[in-house]
J.: 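One structure is given below, represented as structure tokens, and several questions about it will come after.
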Amino acid sequence: MIWYPYTQMKTMEDPILITDAHGVFLETPEGPMIDSISSWWAMDFGYRHPDITKAITDQAEKFSHVMLGGLTHEPALKLAEKLKGWLPGDLNHCFFSDSGSVAVEVALKMALQYHLNRGTEGRTGVLALEHSYHGDTFQAMKAGDDPDYHFVLEAFGPDPDFIHIPAEEDALEEAFERYHGRLSCFIAEPLLQGAGGMRMYDISFLEKARRLCDRYDVLLIFDEVACGFGRTGNRFVSDLVLPDILVLGKALTGGHIGHAVTVARDGVFQAFYSDDPDKALMHGPTFMGNPLACSAALKAIEIFDRDDYMSKIRRIEEITRREMAGFSDPRIREIRIMGACVCLEVYDEKTLDGFPAFARERGVFNRPFLNYLYAMVPYIITEEQLTQVLTVMKDWFSKER
Ligand SMILES: *Cc1c(COP(=O)(O)O)cnc(C)c1O
């Protein structure tokens, strides 16, 4: 039997059987529903996108997998070359992984070894944000700050190498003054913190982080696994503030196959590039650079530009702001909108009990967590479908219910 994620198996409700998926729709035996959360924020281009599906099947007819140990292949070469030109600055060196969590582990390992390779000692610390989420593997859990999810870490007791601060400039300055000599990196989900509650903060915080990282020789890591590919209304936040290491996942393949990438700037790569074998990056996920995933990613990037996805995202934000304007309820603490993400934070999580069934009866799939009712719709959604999603969210609070 399947052991399902993030759930108590004994009390969980039966999961919904999906029989087909296309565009914004998940098909169930009871009929279709709009997926308002894009399968954990990955399916930005919609399900079964014809061009991405074709890219995968075309590649599958050649070969579905070849390892990158001592071998290489065109889909991975092309994707690395494409990302080099497509990503900002000198983010030029692509290390592929099979999931976002692993790509975060790679970023943290890179940052640690970057300092070791340059002979700087004692740089084992990781500075991260409160309410951050970086994945479910162990160092990623530690970099995250998610006691509701990762309480298993309590078994180890506190780890002095992981320091969490609020996304506030004063706290940032203070942390750098106090800890800079032992920090390898500062890792953040830039502008939009996803699993920590769709929290949004200002770009000036990241500009300050960039300056402090430069001053103290600390690497800046952006985890854009959730917020990349336009979700914040910026193509990448890295277009605004350049990190030293960028992590991408989820929407990288248009959500069609799990894959991720850790992209390093020239200066990071140079610290590993040596005649000394001990300076090599010792990592290698079996399925890194999988040809099906790389073909999907190449096509997704092509479509993102070709079909001007940034304008679709701007339209989603406009409609969302229009539909939410003037809406409030005493049970709602705050309504947050950024790009193609909207979150209604309620005071009491019980307020959201029963919402998934309510939404489903109205043709929408949604899955709130804790105090957060949110939507991260596929970018291909029509105005009518988006209005339907937002209306269902608002109607949950209406008196007639
Ligand atoms: C989902 C997520 C990850 C982990 O990605 P997986 O592919 O689930 O391992 C890491 N960072 C952020 C910000 C995420 O949202």
Side-chain angles (χ1 to χ4, degrees), residues 3-7 35 37-44 95-111 126-146 148-150 153 162 164 167 185-201 206 220-232 234 236-238 243 245-263 283 285-290 292-294 296-297 300 338-341 343 367 369-370 372 374-377:
W3 196 334
Y4 285 92
Y6 301 123
T7 198
D35 181 359
I37 57 172
S38 306
S39 267
W40 274 334
W41 331 332
M43 203 50 81
D44 290 353
F95 192 97
F96 294 112
S97 304
D98 37 22
S99 77
S101 303
V102 173
V104 166
E105 297 284 335
V106 170
L108 295 173
K109 191 191 270 189
M110 259 182 201
V126 173
L127 185 65
L129 294 180
E130 289 176 2
H131 306 292
S132 57
Y133 176 86
H134 295 293
D136 293 345
T137 53
F138 273 89
Q139 294 298 87
M141 279 199 287
K142 287 183 180 179
D145 172 40
D146 219 337
D148 288 307
Y149 281 52
H150 293 147
L153 283 181
F162 288 82
H164 292 95
C185 62
F186 171 46
I187 182 167
E189 294 160 88
L191 294 189
L192 174 62
Q193 297 183 285
M198 306 300 155
R199 289 160 196 270
M200 300 163 188
Y201 59 89
L206 297 171
L220 181 61
I221 303 175
F222 280 178
D223 176 352
E224 295 213 47
V225 171
C227 72
F229 290 91
R231 190 55 73 177
T232 66
N234 308 285
F236 295 98
V237 183
S238 302
I245 300 173
L246 168 63
V247 186
L248 299 177
K250 291 195 165 102
L252 175 65
T253 61
H256 282 54
I257 307 184
H259 219 63
V261 63
T262 309
V263 192
H283 211 96
T286 303
F287 290 104
M288 71 182 291
N290 173 265
L292 301 179
C294 290
M338 181 185 275
C341 174
C343 177
R367 206 167 173 270
F369 60 97
L370 304 172
Y372 313 105
Y374 76 97
M376 293 234 233
V377 294

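Ligands are counted one by one from 1 in listed order, and the atoms in each one are counted from 1 as well. In this chain, numbering begins with 1 at the start of the sequence shown.
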J.: As an exercise, identify every atom of ligand 1 less than 4.0 angstrom from a heavy atom of Ser99.
T.: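 With Ser99 as reference, the close atoms of ligand 1 come out as 7 (O), 9 (O).
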J.: Among protein heavy atoms, which lies nearest atom 12 (C) of ligand 1, and at what distance?
T.: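 Result: Asp223 OD2, 3.4 Å.
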J.: Determine, considering heavy atoms only, which of Ala42, Ser101, Ala143 sits nearest to atom 9 (O) of ligand 1.
T.: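 Among Ala42, Ser101, Ala143, the closest heavy atom to atom 9 (O) of ligand 1 comes from Ser101.
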J.: Could you list which atoms of ligand 1 come closer than 4.0 Å to a heavy atom of His134?
T.: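 Reading through ligand 1 atom by atom, the close ones are 10 (C), 11 (N).
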J.: Checking side-chain polar atoms at under 3.5 Å, does Asp223 have a donor or acceptor matched by the opposite partner on His134?
T.: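 Side chains of Asp223 and His134: pair found under 3.5 Å.
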J.: Pick, from Glu105, Lys250, Gln193, His259, the option with the minimum heavy-atom distance to atom 2 (C) of ligand 1.
T.: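 Nearest heavy atom to atom 2 (C) of ligand 1 lies in Lys250.
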J.: Tyr133 vs His150 aromatic rings, parallel, tilted or perpendicular, using cut-offs 30° and 60°?
T.: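 Correct class here is parallel.
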J.: Check contact between Trp41 and ligand 1, using heavy atoms of the residue and a distance below 4.0 angstrom.
T.: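 Distance cut 4.0 Å: Trp41 passes for ligand 1.
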J.: Would you say Ile187 and Val104 make side-chain contact, with heavy atoms under 4.5 Å?
T.: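 Yes - at least one pair of side-chain heavy atoms lies under 4.5 Å apart.
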J.: Check each atom of ligand 1 against the heavy atoms of Ala226 and keep those under 4.0 Å away; list them by number with element.
T.: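 Reading through ligand 1 atom by atom, the close ones are 15 (O).
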J.: If I compare all heavy atoms of Phe236 with all of Gly228, which pair ends up nearest, and what's the gap?
T.: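 Taking Phe236 first and Gly228 second, the nearest heavy atoms are CD2-CA, 3.8 Å.
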J.: Using distance alone, determine whether Gly100 and ligand 1 share an N or O pair under 3.5 Å.
T.: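 Yes.
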J.: Would you say that Thr262 contacts Ile245 through its side chain, given a criterion of any heavy-atom pair below 4.5 Å between the two side chains?
T.: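 Yes, at least one pair of side-chain atoms sits under 4.5 Å.
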J.: Asp136 versus Tyr6: any side-chain heavy-atom pair under 4.5 Å?
T.: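 Sidechains of Tyr6 and Asp136: in contact.
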J.: State whether Asp44 and Arg231 are salt-bridged, where the test is any N-O pair (Lys NZ or Arg NE/NH1/NH2 against Asp/Glu carboxylate O) under 4.0 Å.
T.: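 Counted as a salt bridge, because a side-chain N and a carboxylate O are separated by less than 4.0 Å.
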J.: Which ligand 1 atoms, with their elements, are less than 4.0 angstrom from a heavy-atom of Glu189?
T.: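 Reading through ligand 1 atom by atom, the close ones are 13 (C).
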